[in-house]
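The chain is numbered in sequence order, starting from 1. Remember, it's a predicted structure, so these values are computed and weren't measured experimentally.
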Amino acid sequence: MASNLEHLSSYLSDGRTVPGNGSPYTELLDEQIDNNEINLAVLKIHLNTNVDENKIREWEEQKNCELEVSCGEFETKVHSDILSSVSDYFNSRSNFNKQARKCVLSEECVSSEAMCHVIKFAYSGDLEIARDRVQDLLETASYLQVELILDECEKFLINSIDHSTAMSLLPSAIQFNLMNLIATIVMYVSENFDTFVEHNLFCTLLNEEFKFLLMQRNLSVFRKGIPVNNPELHILEAVGKTITANQVKDYPTVLYILYSILFSEIPEDDLSFIYDIYPAFHTIARSTFTNFSVSDLKFKERKFSNSSKLLESSECYIQESHLKKEKSFEEVSAINDRPKRYRYGLQDGNGLP
């Protein structure tokens, strides 16, 4: 009889759940994750020391397993206590009804393929994460409350952040409350803020997602590893360029987004100039815009806005950054000042020379 591990591997690769050639792992990230760095080996060793070898053998032979788990076409028998050890969902379910012998999971909540991974992970400690399947794995692990898998998925996604993925990863980070991923995206955006603005990358976000990003205290604008003197001015420019490009014209939405800006950090003459450049701001009166005082922010300044601590903060930031291997400090004559007034305006055709 084939072992249950072989059965799961067969299920994961057959045509019922995987399109094309059947392999969900044909397109892994270009930047591969080192298993030692993300501690998959540690998790495997940890689980192997806690799972009795007799139970592993029973599961592989589908003998003496008291709980039948099914999801769509997939079904297998497992030991309730093994799943409960990695899943708070199964732990709560077991405590509520110890006599239950069958668990049917809806495919609206759980991916059958990802369920296979969860069970294999519970018994062997082995976990495979593919770029094109990580969303399903996140949704399943979140529903089943498997914190170990959520952590590994988060590390995997952190290692995949670049210009092309940062904005597409933010919604998932918000949905599953992946705080380390959110923090890393915010820092990556701050490092490459000008690029994100120039290429209209913020335009891909929903208004709620864009506001969430703007409300992060760590959001800033870095150049050559050093935060500019007035990041709030740059951030407001990014808002103007983004909502103008998205043709946002309704008053409530413009206000909703502007509540994420620290207007007190921006000189009034700069506010007046920015108001003229970006048509989306014209949905509100100039006097309202230049004297804006309402805010949803729970902080009075962003983390990297204090110019007297720039070098210290920058060095600490680079040390913490997951991209520190790519950083090199260059000599700069002075701390970057606020942007030239025509910086983004010229690119839109709305600026002044």
K.L.:
Mind checking whether Ile119 and Leu83 have side chains closer than 4.5 Å, heavy atoms only?
P.N.:
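Yes, side chains in contact.
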K.L.:
Do Tyr188 and His163 pass the side chain to side chain contact (heavy atoms under 4.5 Å, CB included) test, and can you show the C-alpha distance, the side-chain angles, and the key distance before you say yes or no?
P.N.:
CA-CA 9 Å; Tyr188 186 86; His163 290 9; 2.6 Å; yes
K.L.:
With ILVMFWY side chains joined below 4.5 Å, transitively, what does Val104's cluster contain besides itself?
P.N.:
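Via sub-4.5 Å side-chain contacts, Val104 links to none.
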K.L.:
Using modelled atom types only, decide if a donor and an acceptor are shared between the side chain of Asn246 and the backbone of Val248 within a distance under 3.5 Å.
P.N.:
no
K.L.:
Please check this pair: side chain of Asn97 against backbone of Arg93, looking for a donor-acceptor N/O pair closer than 3.5 Å.
P.N.:
no
K.L.:
Using 4.0 Å as the upper bound for N to carboxylate O, is an ion pair formed by Arg133 and Glu128?
P.N.:
no
K.L.:
Find the distance between CG (Asp270) and CG (Leu233) and round it off to the nearest 0.5 Å.
P.N.:
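Asp270 atom CG to Leu233 atom CG measures 5.0 Å (nearest 0.5 Å).
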K.L.:
Do His282 and Tyr275 have side-chain N/O donor and acceptor atoms under 3.5 Å apart?
P.N.:
no
K.L.:
For residues Ile82 and Ala122, report the shortest heavy-atom separation together with the two atoms involved.
P.N.:
CG2-O, 3.8 Å
K.L.:
Indicate yes or no for a side-chain donor-acceptor contact from Ser190 to the backbone of Ser220 under 3.5 Å, with no hydrogens or angles considered.
P.N.:
yes
K.L.:
Considering only heavy atoms from C-beta outward, does the side chain of Phe196 approach that of Met167 to under 4.5 Å?
P.N.:
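Result yes, sub-4.5 Å side-chain heavy-atom pair found.
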K.L.:
Answer yes or no: is there a side-chain heavy-atom contact under 4.5 Å between Val228 and Pro231?
P.N.:
yes
K.L.:
Looking only at heavy atoms, which two atoms of Glu232 and Arg302 are closest? And how far apart?
P.N.:
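Nearest pair, atom of Glu232 first, then Arg302: OE1-NE, 2.7 Å.
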K.L.:
Considering all heavy atoms of both residues, which atom of Lys249 and which atom of Thr283 are nearest to each other, and what is their separation?
P.N.:
O-CG2, 2.8 Å
K.L.:
Using every non-hydrogen atom in the two residues, find where Ser168 and Thr165 come nearest and quote the distance to one decimal.
P.N.:
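Of all heavy-atom pairs spanning Ser168 and Thr165, the closest is OG-O, 2.8 Å.
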K.L.:
Less than 4.5 Å apart, side chain to side chain, heavy atoms only: is that true for Ile149 and Glu152?
P.N.:
no
K.L.:
Can you confirm whether the side chains of Thr253 and Asp250 place a donor and an acceptor under 3.5 Å from each other?
P.N.:
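The criterion, which ignores hydrogens and geometry beyond distance, is satisfied for Asp250 and Thr253.
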K.L.:
Please check if Ile174 and Leu206 belong to a single hydrophobic cluster, counting links between Ile, Leu, Val, Met, Phe, Trp and Tyr side chain heavy atoms closer than 4.5 Å.
P.N.:
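Different clusters: Ile174 never reaches Leu206 through Ile, Leu, Val, Met, Phe, Trp or Tyr contacts under 4.5 Å.
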K.L.:
With side chains defined as the heavy atoms from C-beta onward, is the minimum distance between Ser80 and Glu66 less than 4.5 Å?
P.N.:
yes
K.L.:
Determine, stepwise, if the pair Cys103 / Phe90 fulfils side chain to side chain contact (heavy atoms under 4.5 Å, CB included).
P.N.:
CA-CA 9 Å; Cys103 176; Phe90 280 104; 3.8 Å; yes
K.L.:
Nearest 0.5 Å, what's the CD-CD distance between Glu68 and Glu75?
P.N.:
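Between atom CD of Glu68 and atom CD of Glu75 there are 4.5 Å.
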K.L.:
What's the verdict on side chain to side chain contact (heavy atoms under 4.5 Å, CB included) for Tyr89 and Leu105, showing C-alpha distance, side-chain angles and the deciding distance?
P.N.:
CA-CA 11 Å; Tyr89 170 89; Leu105 298 167; 3.6 Å; yes
K.L.:
Rounded at 0.5 Å granularity, tell me how far OG1 in Thr242 sits from CG in Leu205.
P.N.:
8.5 Å
K.L.:
May I have all residue pairs that pass side chain to side chain donor-acceptor pair (under 3.5 Å) and include part of residues 288-299, sequence neighbours excluded?
P.N.:
Lys211-Asp296
K.L.:
For the atom pair CZ (Phe289) and OG (Ser272), what is the distance rounded to the nearest 0.5 Å?
P.N.:
9.0 Å
K.L.:
Name all pairs fulfilling the ring pair (Phe, Tyr, Trp, His ring centres under 6.0 Å) condition that reach into residues 242-262, sequence neighbours left out, sorted by first residue then second.
P.N.:
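Qualifying pairs, neighbours excluded: Tyr259-Phe292.
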K.L.:
Could you tell me the separation between the CG atom of Asn180 and the CD1 atom of Ile158, rounded to the nearest 0.5 Å?
P.N.:
5.5 Å
K.L.:
Is there a side-chain contact between Leu127 and Leu148, using heavy atoms and a 4.5 Å cut-off?
P.N.:
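No, their side chains stay 4.5 Å or more apart.
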K.L.:
For Phe281 and Leu258, run side chain to side chain contact (heavy atoms under 4.5 Å, CB included): C-alpha distance rounded to whole Å, both residues' side-chain angles, the deciding distance at 0.1 Å, then the answer.
P.N.:
CA-CA 9 Å; Phe281 293 148; Leu258 289 180; 3.7 Å; yes
K.L.:
Tell me the closest heavy-atom pair linking Glu58 and His79, and the distance in Å.
P.N.:
OE1-NE2, 2.9 Å
K.L.:
With the side chain counted from C-beta on, respond yes when His117 and Lys120 share a heavy-atom pair under 4.5 Å apart, and no when they do not.
P.N.:
no
K.L.:
Does a donor on one side chain sit under 3.5 Å from an acceptor on the other, for Ser84 and Asp81?
P.N.:
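There is no such pair (donor and acceptor under 3.5 Å, judged by atom type) between the side chains of Ser84 and Asp81.
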K.L.:
Output all residues satisfying side chain to side chain donor-acceptor pair (under 3.5 Å) with Asn177, sequence neighbours left out; order by chain, then residue number.
P.N.:
none
K.L.:
Assign the ring pair Phe193 / Phe202 to parallel, tilted or perpendicular, where the plane angle (0 to 90°) is split at 30° and 60°.
P.N.:
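The rings of Phe193 and Phe202 sit tilted, inter-plane angle from 30° to 60°.
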K.L.:
I'd like to know if Val78 and Phe96 are part of one continuous hydrophobic network [Ile/Leu/Val/Met/Phe/Trp/Tyr, side-chain heavy atoms within less than 4.5 Å].
P.N.:
no
K.L.:
Looking at every non-hydrogen atom in both residues, tell me the closest pair between Leu219 and Leu213 and how far apart they are.
P.N.:
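Here Leu219 and Leu213 meet closest at CD2-O, 3.6 Å.
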K.L.:
How are the rings of Phe304 and Phe222 set to each other: parallel, tilted or perpendicular (split at 30° and 60°)?
P.N.:
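Judged by the thresholds at 30° and 60°, the geometry between Phe304 and Phe222 is perpendicular.
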K.L.:
Side chain of Asn230, backbone of Glu265: donor and acceptor closer than 3.5 Å?
P.N.:
yes
K.L.:
State the OG1-CG distance between Thr76 and Leu67, to the nearest 0.5 angstrom.
P.N.:
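Those atoms lie 10.0 Å apart.
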K.L.:
For Asn91, is there any backbone N or O sitting under 3.5 Å from a side-chain donor or acceptor partner on Ser94?
P.N.:
no
K.L.:
Is there a side-chain contact between Val294 and Phe263 (heavy atoms, below 4.5 Å)?
P.N.:
no
K.L.:
Indicate every side-chain donor-acceptor pair of residues 137-147 with a distance under 3.5 Å to a residue at least two apart or in another chain.
P.N.:
from, atom 1, to, atom 2, distance (Å)
Glu139, OE2, Gln135, NE2, 3.3
Thr140, OG1, Ser111, N, 3.0
Thr140, OG1, Asp136, O, 3.0

K.L.:
Taking ILVMFWY side chains as joined if any heavy atoms are under 4.5 angstrom apart, and letting links pass through other members, which residues group with Leu262?
P.N.:
Met215, Leu297, Phe299
K.L.:
Closer than 3.5 angstrom, by distance alone: can the side chain of Thr204 be matched with the main-chain N or O of Leu201 as a donor-acceptor pair?
P.N.:
yes
